[in-house]
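Just below is one structure, and these are the notes that go with it.
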Amino acid sequence: MKFLGKPRSQTAAFLPLCWFFLKILQPGHSHLYNNRYAGDKVIRLIPKTEEEAYALKKIYHQLKVDLWQPSGISYVSEGTVTDVRVPQNGSQALLAFLQEANIQYKILIEDLQKALERGRSLQTQRNRRSLPEYNYEVYHSLEEIQNWMHHLNKTHSSLIHMFSIGKSYEGRSLFILKLGRKSRAYKGAVWIDCGIHAREWIGPAFCQWFVKEALQTYRSDPAMRKMLHHLYFYIMPVFNVDGYHFSWTNDRFWRKTRSRNSRFHCRGVDANRNWKVKWCNEGASMHPCDDTYCGPFPESEPEVKAVANFLRKHRKHIRAYLSFHAYAQMLLYPYSYKYATIPNFNCVESAAYKAVNALHSVYGVRYRYGPASRTLYVSSGSSMDWAYKNGIPYAFAFELRDTGHFGFLLPETLIKPTCTETMLAVKNITMHLLKKCP
Ligand SMILES: *[C@@H]1O[C@H](CO)[C@@H](O)[C@H](O)[C@H]1NC(C)=O
Ligand SMILES: *[C@@H]1O[C@H](CO)[C@@H](O)[C@H](O)[C@H]1NC(C)=O
Ligand SMILES: *[C@@H]1O[C@H](CO)[C@@H](O)[C@H](O)[C@H]1NC(C)=O
Ligand SMILES: [Zn+2]
């Protein structure tokens, strides 16, 4: 354990940083995020007919409803569960409409601002209690994650090498950890990214957890030792660095990047619709104000371009692409953009089946699994499809916990169980790679 903790002197140096963050987040000890979610509700709806779906789309548009899951208005259709955030001044109108039209709904979160503040006050207490050891059971800001990466790069140089693959739109470094026993011999690799979507905070928490587990167990766990001997892991804990930062400082439910648009005030592109694979077709939006905006052209986002360049350069070594999202509890594989079956379906499907069973064995949490198009929804321009089409034979996207009870506000007490079970799934997939698929 000790080797993953920070020396005391460094911890002391971090304290002013923590203070600085509290100040940004709670200007004048007032509300988080300027109280912008006061009275907002999160509501789950299931339109039963095409007419209901049509009426809902119209009213969502009028009331400026924020679609949480699925993430775009084009996905609203009969029989599809949608979780939406309704601004305070719209919730009365929406509830009245739902009652009149007799559409089933369930209020998931009564007052979003209150839910946020509850979470934050617990977090502050936990943070204080846990010093000076590094605490993997809290969400960390971008600065904290980057400091943690620098620290591991210094203290674990035999297993970890940290480097940057470029800069974000706002000029932040795009850091990667290369994890694995150094070897001159040829080694395959696994790519892991977290935090393509800013508000899905459990993603970066899992990436950190993965690295911690690898470092803590590779001496004692033969499976982990084998993984680090035979493979390199390229781990990008925060893909969408600008968006993640913004989700800490301004808008907890920000999803996209932060790039500007020449014609609209709305900022950001969906970094999981910006890849050159059936770009901007079904399940993506051409409108810059939408959460699934595909961008002005493929790889328009510097973050996407940097990762695509890296994967293109290393695709001969990379056997698996794993991307971590939330929330839905699903393990998805290609295709996202069409219903067709992938050529190596048998190998990929059996890896997914075993992985969700391994995950289930820990706490009994069930994940659905299958091709993204059939299991979640059709979406074009995704990183997973792109990786697969560019020659990476195993491409997966995880949608981590939960299924909507907390949604993006998954409490920190659930980081440990979520990461523990997910870890087993990832190890299972990795061990599958090391065998020849029958
Ligand atoms: C709710 O408030 C926002 C901004 O304060 C405004 O733009 C919007 O039109 C309002 N919506 C309704 C339904 O009154
Ligand atoms: C990681 O450490 C190596 C030396 O061990 C150094 O050359 C490299 O610049 C470090 N990476 C970063 C991003 O600072
Ligand atoms: C993967 O999970 C399956 C259960 O789904 C289990 O039987 C198998 O032993 C696991 N493999 C590894 C290497 O952990
Ligand atoms: Zn996502």
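Order of listing sets the numbers, starting from 1, for every ligand and every atom in it.
Under the 4.0 Å distance rule, the nearest protein heavy atom to atom 5 (O) of ligand 3 falls inside the cut-off. Protein non-hydrogen atoms do reach within 4.0 Å of atom 2 (O) of ligand 2.
For a threshold of 3.5 Å applied to N or O pairs, the pair formed by F175 and ligand 2 contains no separation below that value. Of the polar atoms of K354, at least one N or O is found under 3.5 Å from an N or O of ligand 3, judged by distance alone.
At least one test fails for K178 against the ring of Y234: distance under 6.0 Å to the centre or angle within 45° of the axis.
Take the N/O/S atoms of H197: the one nearest the Zn ion (ligand 4) is ND1.
The protein atom (non-hydrogen) at minimum distance from atom 7 (O) of ligand 2 is H161 CE1, 4.8 Å. Nearest protein neighbour of atom 13 (C) of ligand 2, counting heavy atoms only, is M162 O, 3.5 Å.
For ligand 3, the atoms lying closer than 4.0 Å to a non-hydrogen atom of A358 are 2 (O), 5 (O). Residue M431 approaches ligand 3 through these ligand atoms, each under 4.0 Å from one of its heavy atoms: 13 (C).
Counting heavy atoms only, N153 comes closest to atom 11 (N) of ligand 2 of the residues N153, I160, I176, L152. Taking each of N428, L424, I429 in turn, the one with a heavy atom nearest to atom 14 (O) of ligand 3 proves to be N428.
For the pair R85 and D66, the salt-bridge criterion is met [side-chain N within less than 4.0 Å of a carboxylate O]. At a threshold of 4.0 Å, the pair R401-E421 counts as salt-bridged, since one of the basic side-chain nitrogens sits closer than that to a carboxylate oxygen.
Looking at T422, D193, I202 one by one, the single match for side-chain contact (heavy atoms from CB on, under 4.5 Å) with F324 turns out to be T422. For the salt bridge (charged side-chain N to carboxylate O under 4.0 Å, His left out) test with D291, the passing option among R255, R267, R199, K64 is R199; the others fail.
A side-chain donor-acceptor contact under 3.5 Å links E200 and H325. Side chains of S300 and N274: a donor on one and an acceptor on the other come within 3.5 Å.
Taking backbone and side chain together, E399 holds no N, O or S atom under 2.8 Å from the Zn ion (ligand 4).
Around the Zn ion (ligand 4), the angle linking E200 (OE2) with H325 (ND1) is 150°, rounded to 10 degrees.
Ring planes of H161 and F163: parallel class, angle under 30° (limits at 30 and 60°).
In this structure, the side chains of Q208 and H140 come closer than 4.5 Å at one or more pairs of heavy atoms.
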